[in-house]
Undergrad: 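Below are the structure tokens for one structure; questions will follow.
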Amino acid sequence: MEKNYLHADHETPIYQQWESSGAFQPVAHSKNTKAFTIIMPPPNANDPLHIGHAMFVALEDILIRFHRMLGDSTLWLPGTDHAGIETQFLFEKKLKKEDKSRFQFDRETLFQLIWEYVQANSTTAVEQLRRIGASADWSRQTFTLDPKIVKIVLNTFSELYTKNLIYRDYRLVNYCPKCGTAFSDLEVKHVEEKAPLYYMKYGPFTIATVRPETKFRDTALAANPKDPRYKDFISKTLEIPGLLGPITMTVIADEEVDPEFGTGIMKVTPAHDPHDFELGKKYNLPVTPIIDLQGRMDMRWFLEQDHLNPKYRARAEKYHGKKVAQARQLIVEDLKEDGLLSQTDENYTHAVGVCYRCGTVIEPLPLPQFFIKVKPLVEPVLKALKQKETTVIGAGHDKVLKHWLENLRDWNISRQIVWGIRIPVWYSAAKNPDLEITFLDTQKKRISGKLATLLKEYSLSEIQAQLQELQAPISAHFEVSATSPGPDYIQETDTFDTWFSSTQWPFATLQANQPDDFQKFYPTSVMETGYDILPFWVMRMLMMGIFKTGKVPFYTVYLHGLVRDQKGQKMSKSKGNVINPLVIIEKYGADALRLALVIRSSPGLDKSVGESDFKSMRNFTNKIWNAARFIYMDVEKKIDLTATKPGDKAFYVKLHNVVKDITQQLSDFRMGMAAETAYNEFWHWFCDQAIEDAKNANISQKALLDGLITFLKLLHPFTPFVTEAIWQQLQQLDHQEMQRLMGSKKLITTQWPL
RNA sequence: GGCCGCUUAGCUCAGUUGGUUAGAGCAUUCGAUUUACAUUCGAAGGGUCGGGGGUUCGAAUCCCUCAGCGGCCACCA
């Protein structure tokens, strides 16, 4: 044995041995084996790994190796996610560098290009997981766009639809004009913003608003029925003068209007405000949008009027096509000019919704989209949690989950992107002449228009082949089907929210693999992931899992925290404090990386690590190596392993207690504690005391060897490489009694000490 | 505005049914060395466990309250 443990020499060959020996595959079930299953949270297929991935690998691999050694039929099923929006935008960035844009391709071609791009990068993530030491069953590796998975996902959609849990509705959705797609409520971040609150003269009233640009096509005014100031106006229809001429509106009375806010009377803009939209529904008001999907003013309704006053026309032309923020400035100036702005509260702060990924202000825009009715899916989850069919481990996040479930609103699953699973909805061309179509003609020119009009010039098959996107009116006739119902049909161009597929991951991966995997390994044992995706993923997996299988998808949820830097600060590229796990592996070894992340970590709480942590854990791996080396050199001398010494009895009692403690801690999912116990007991008891005692002949060499073998097993889940490397070094010694004590040729598949 | 969490040594953090002198890593100081390991060993200093109140024979741990920090949620125009 070398004097120091040189991780770089051992890690790759050891990993290859493990994998080629089939150690990562579950042993066959028998009467005495229990199943232990973890479905790996799938990293994005084309992304390189970051330190957070190392954290989940470390924690999950500890549990997997522990249970494998316990003799359970242990399956860790890995996979990757197509990560719809993230990937498509990364690809579009790449296109932009090549001076191209997605609008130059029909959707089929674009999808194919992204597919190839992901294929080219997809080995990176998986290779890196191997470097960290993930003992996952790669023979079962699954991708969210594998045909089998897609089939299952489409099937789920159709089942939800049949059971009346999916509906298509025209309503306000969270639309990001920059990303060009709608999002679910969860993807909208609310940030405090200071914005001027404008008090505008509005006929006999004054109203307060931060969004004067939406007022042109207001459909009503609303006041509280108890408000004496407006009592006499209730139900009256008035002509309100405005920047673009008078608007005729009725004053409605509604309890929800707060007399305390602003002036107590509000304008109702159903097309651009969620609250107003609901109010509009209640009072049957029309939805009259004035902002388009690019977040620009759309003044066509005014410009198309033949008798519009030239002053108003000039204004409408001025606003038309301007971004909302810019238009707002122009409008405020014009309000001042007309003497309609009575005052401005510059210190007003309110929460504004922004896109979680690009930070652009989210526009609530009316669009027909597919929604999942969540209530019927949520109730069984709440019940299961109450009955503790699933337990959530992680610093109060169980309460957060409950809060989410109780307040969840219907889930918009339509995304206006190409990279994803296309919604299996079909529109008959004959029945839907009003479909709005955008496609590329033979010259690759973008053509948009109503289907009926386009069909006068182009054939349906031409449109189908070169389709970019379509928008079906809410009244459109459609059929739900995994495959085309016939030549007359055009498929919806929206794709599913990526989470719609990843939410089905626990049962879908098992159903897509070996024929009896689902039956053997479902429900899975543990779902280990970061608390930051609790609502996006864990909550919805519970919902879909129970819906589809009637059982919870996992019994235990273990939530780890964020990895922070040495000072406890969040890692970010801009701060320059990002730790690349591969750099750490090269410098200190995978074992050091894993142990530094796990030791003394607590579920649900963030963990900070720095260079010194990796270094001291590397020192620990060297300590293991050298303790083994000391004993190795004794065994090499063909020592007698039958003699006993007076200190042996106490030694074995202590050793037994250490085994008991670590086993208990791992069984209780206290990996941070278990790692610390292993570290302290090995270094400060076994090395500092026991080995020294053995040097003084107080403890026998057999006891010491027994201790080493036991500790190699106990430490293996935490530091798999160095322990396996030592194990195999010992195996090479020609010593029968030692061979007998060790038993198995490979540590990874040896039996846990009990 | 609501909810969740955190506050323990200079720094980063452990400490699960309340029980002997409160722990680790790093940092600091002193010392050791023809040693399995200098990626080492021994020793030392350093904490009124955020403040206050309560329960208890006994509280870092349970309860109440206040404060600071962090996070999540929220359509009040």
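For the numbers below, each heavy atom of this structure counts, side chains included, while hydrogens, waters and symmetry mates do not. Each chain gets a letter, A, B and so on, in the order the sequences are listed, and its residues count up from 1.
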Undergrad: Using atom CG of A:Leu708 as one end and atom P of B:A36 as the other, report the distance to the nearest whole Å.
TA: 15 Å

Undergrad: Which part of the nucleic acid, if any, lies within contact of A:Trp404, taking any heavy atom under 4.0 Å across all strands shown: a base, the sugar-phosphate backbone alone, or nothing?
TA: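 The residue A:Trp404 makes sugar-phosphate contact but no base contact.
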
Undergrad: Report the distance from atom CE of A:Met1 to atom P of B:C37, rounded to the nearest whole Å.
TA: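 Computing the A:Met1:CE to B:C37:P distance gives 12 Å.
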
Undergrad: CZ of A:Arg600 versus C1' of B:U8: gap in Å, rounded?
TA: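 In whole Å, B:U8 C1' and A:Arg600 CZ are 14 Å from each other.
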
Undergrad: Under 6.0 Å between the ring centres of A:His272 and A:Phe277?
TA: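 Ring centroids of A:His272 and A:Phe277 are no less than 6.0 Å from each other.
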
Undergrad: Base of B:C4, side chain of A:Lys399 - is there a donor-acceptor contact under 3.5 Å?
TA: no

Undergrad: Does the base of B:C37 carry an N or O that pairs as donor and acceptor with the side chain of A:Asn4 under 3.5 Å?
TA: no

Undergrad: Strictly below 4.0 Å, N to O, side chains only: are A:Asp706 and A:Lys702 in salt-bridge contact?
TA: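 Salt bridge present between A:Asp706 and A:Lys702.
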
Undergrad: Looking for any heavy atom pair under 4.0 Å, which part of the strands does A:His7 touch: base, sugar-phosphate only, or nothing?
TA: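 No contact.
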
Undergrad: Whole angstroms only, please: what is the NZ-C1' distance between A:Lys607 and B:C6?
TA: 16 Å

Undergrad: Nearest-Å distance, NZ (A:Lys3) to P (B:U40)?
TA: 12 Å

Undergrad: Would you kindly check whether a donor in the side chain of A:Lys215 faces an acceptor in the base of B:A77, or vice versa, at under 3.5 angstrom?
TA: no

Undergrad: Counting Watson-Crick and G-U wobble pairs only, both distances under 3.5 Å, name the nucleotide matched with B:A9, or none.
TA: none

Undergrad: When you check the phosphate oxygens OP1 and OP2 of B:C4, does a side-chain N or O of A:Lys402 lie under 4.0 Å from one of them?
TA: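 No, outside the criterion.
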
Undergrad: Centre-to-centre under 6.0 Å for A:Trp625 and A:His10, is that the case here?
TA: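 That pair passes the under 6.0 Å test.
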
Undergrad: Specify the separation, in whole Å, of atom CG of A:Asn619 and atom P of B:C41.
TA: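 Result: 9 Å.
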
